[in-house]
Each structure stands twice: as C-alpha cells, then as structure tokens.
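Working notes, beginning with the structure itself.
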Amino acid sequence: MKLKSDFFAKNTLWVAKNLLGKRLCRKLRSGKIISAIITETEAYQGFNDKASHAHKGRTKRTEVMFGEPGTIYVYLIYGMHCCLNLVCEKMDYPAAVLIRGVEGINGPGRVCKHFQIDKKLNGKKIGGELWIEDKNKKVSGFMIHVSRRVGVDYAGESKDLLWRFMIKN
DNA sequence: TGCGCGATTCTC
DNA sequence: AGAATCGCGCAT
C-alpha cells in the first residue's frame, strides 16, 4: 500500500520513527522501478530547531518545508550531493524528515544518487515518481536506536536533540 | 555584488 | 586530514 499524505500529517518525530521499515520506491528515468527499506531517518521540525533550514524563517529555499504534508523536499548540500526529505505536520508549520539511509546504502547523499533523486523532485508530492510503501510483514518488531543528529554541531542547544532514528543491526 | 559555509562523500 | 563544488543567507 502506498502511504498517503495523511501519514505525514502527524508529529514529525512519529513520522521519522514510523518511516523506519517502510519501503522507499522510485520510478527511474528509464522507467524501471527500484526500492529499498528505510533504515535511518532524522527529524527537523518547528521554529526553535536551530539545525533546521527553516529556523531562519520562510525563504525561497525553505518554503517547501512549510508546505503540505507528503511534499518532497530535496536540497543540494556541499555543492554536490542531494538530500531527500519528506514534509510533515501541517501547512505553514516547518517540518520534514531526512532519509539518511536505506538497506545497503548509508548516507543521505548516497541514497539520492542511488535513487536518481535531484532538485527536479523538489516541491512535488509523493505518488507518481517517488513513493513509500507499507507492506513489509517481515520488517517489523525491530529495535530502534535513537541518537543525536549528524553534522549539526553548529546548532547550539538544538544539536543534542535525540531526533535521529535507525533500525538496529 | 561578494563572501563564508554547509542535514556529505571520496580519496590520499 | 583535505578536497570537491555551488546555492543560500546575510553583509556590504
């Protein structure tokens, strides 16, 4: 079953945890469909999260994070890698979950490379070209490891928030 | 108009 | 440990 936008219209931490074990699916430019189980996520949420791009307010770049739940947010980092996020919560509230890793592929940049995800998907809704499926009966009952987010040491008191989630093993 | 830096990854 | 590489946010 494809997840619908109502799945994302919830607390960002809940979405980050509950995306673990779901299947990320992508229709490649060639038409071929590939997928992998999501194993690692991070939450970026609210007006007080200094690690979030949206902390500095609504800008051309962060506008997507204020949009409808289930919207795709892709940004370019370090001038060379793309990162995939899914917008959560409600309109006008900045929130997204970063997909940091899938089965066999670690790191947000490598996930985007593998799934051929770039900024052309930014602002689009999940559904046609990129979607999440929840039908993995064998992927359940796993343990979730919680830790601090990666690469946000600049974020003051927000850097120690335990908003990173990954499947153990 | 210019500058510093980043939710990273790969190589030396 | 250092490079690669560019758009964004803020200062000028």
Side-chain angles (χ1 to χ4, degrees), chain A residues 3 7-22 24 26 28 34 36-90 92-126 129-132 144-168:
Chain A
L3 295 188
F7 177 90
F8 299 92
K10 301 191 181 80
N11 176 277
T12 311
L13 301 181
W14 182 92
V15 174
K17 279 182 265 192
N18 283 274
L19 278 177
L20 296 177
K22 301 290 191 292
L24 177 64
R26 167 74 165 145
L28 300 180
I34 62 172
I37 299 296
I38 296 171
T39 56
E40 182 178 354
T41 60
E42 279 179 359
Y44 291 85
Q45 178 244 117
F47 299 94
N48 298 318
D49 177 9
K50 291 183 180 172
S52 169
H53 293 158
H55 175 252
K56 290 170 183 170
R58 211 190 260 248
T59 67
K60 189 171 183 178
R61 178 207 207 184
T62 62
E63 180 64 27
V64 178
M65 288 185 70
F66 291 80
E68 293 181 25
T71 302
I72 299 165
Y73 171 40
V74 179
Y75 64 90
L76 183 67
I77 187 65
Y78 295 108
M80 59 187 76
H81 303 295
C82 287
C83 292
L84 169 66
N85 301 253
L86 299 166
V87 176
C88 301
E89 309 249 357
K90 57 192 175 186
D92 300 319
Y93 183 83
V97 171
L98 169 67
I99 307 300
R100 276 199 68 87
V102 301
E103 200 171 25
I105 301 173
N106 300 313
R110 300 183 68 201
V111 168
C112 284
K113 184 179 180 186
H114 182 255
F115 282 89
Q116 296 181 1
I117 292 166
D118 58 28
K119 287 189 72 177
K120 287 197 286 290
L121 281 175
N122 188 43
K124 295 188 176 181
K125 299 282 174 53
I126 53 163
E129 305 153 274
L130 185 76
W131 69 96
I132 314 286
I144 297 178
H145 181 256
V146 180
S147 63
R148 302 195 301 196
R149 294 173 294 180
V150 174
V152 296
D153 285 348
Y154 60 86
E157 69 272 15
S158 298
K159 76 180 173 64
D160 294 324
L161 293 169
L162 300 175
W163 286 2
R164 179 189 187 196
F165 307 95
M166 48 203 305
I167 294 178
K168 285 192 179 177

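Each chain gets a letter, A, B and so on, in the order its sequence line appears, and its residues count up from 1.
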Pairing string of DNA chain C (Watson-Crick or G-U wobble, both atom distances under 3.5 Å; | = paired to other strand) is ||||.||||||.
Q. Does a sphere of radius 6.0 Å around CG in A/Asn48 hold more than 12 heavy atoms from other residues, nucleotides or ligands, not counting ones at 6.0 Å or beyond?
A.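 Atom CG in A/Asn48 is not packed in, count stays at 12 or less.
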(message) Looking at A/Lys10, I want to see if its NZ is surrounded by more than 12 non-hydrogen atoms of other residues, nucleotides or ligands under 6.0 Å.
(response)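 Correct, the count exceeds 12.
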>> Between A/Thr12 and A/Glu89, do the side chains contain a donor N or O and an acceptor N or O under 3.5 Å apart?
In response: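 Yes.
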**Asked** Hey, does A/Leu24 have a side-chain heavy atom less than 4.5 Å from the side chain of A/Leu130?
**Response**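 Result yes, sub-4.5 Å side-chain heavy-atom pair found.
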Using a strict heavy-atom distance below 4.0 Å, which residues from [range] are in contact with DNA chain B?
range                      : result
residues 57-77 of chain A  : A/Met65, A/Tyr75, A/Ile77
residues 48-56 of chain A  : A/Ala51, A/His53
residues 97-118 of chain A : A/Leu98, A/Arg100, A/Gly107, A/Pro108, A/Gly109, A/Arg110

* Asked: Ring stacking, A/Tyr78 with base of B/dG6, under 5.5 Å and under 30°?
  ->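 According to the criterion (under 5.5 Å, under 30°), no, A/Tyr78 does not stack.
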Query raised in the report: Hey, does A/Lys159 reach any base, or is it just sugar-phosphate, or nothing, if we go heavy atoms under 4.0 Å?
Result: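 The residue A/Lys159 makes no contact with any strand.
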Protein-nucleotides 1-3 of chain B N/O pairs closer than 3.5 Å?
none

Worksheet entry | Along DNA chain C, first and last positions that approach a heavy atom of chain A under 4.0 Å |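 The footprint of chain A covers C/dA4 to C/dC10.
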- request: Calculate, to the nearest 0.5 Å, the distance between atoms CZ and SG belonging to A/Phe8 and A/Cys88 respectively.
  value: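 A/Phe8 CZ to A/Cys88 SG: 6.5 Å, rounded to 0.5 Å.
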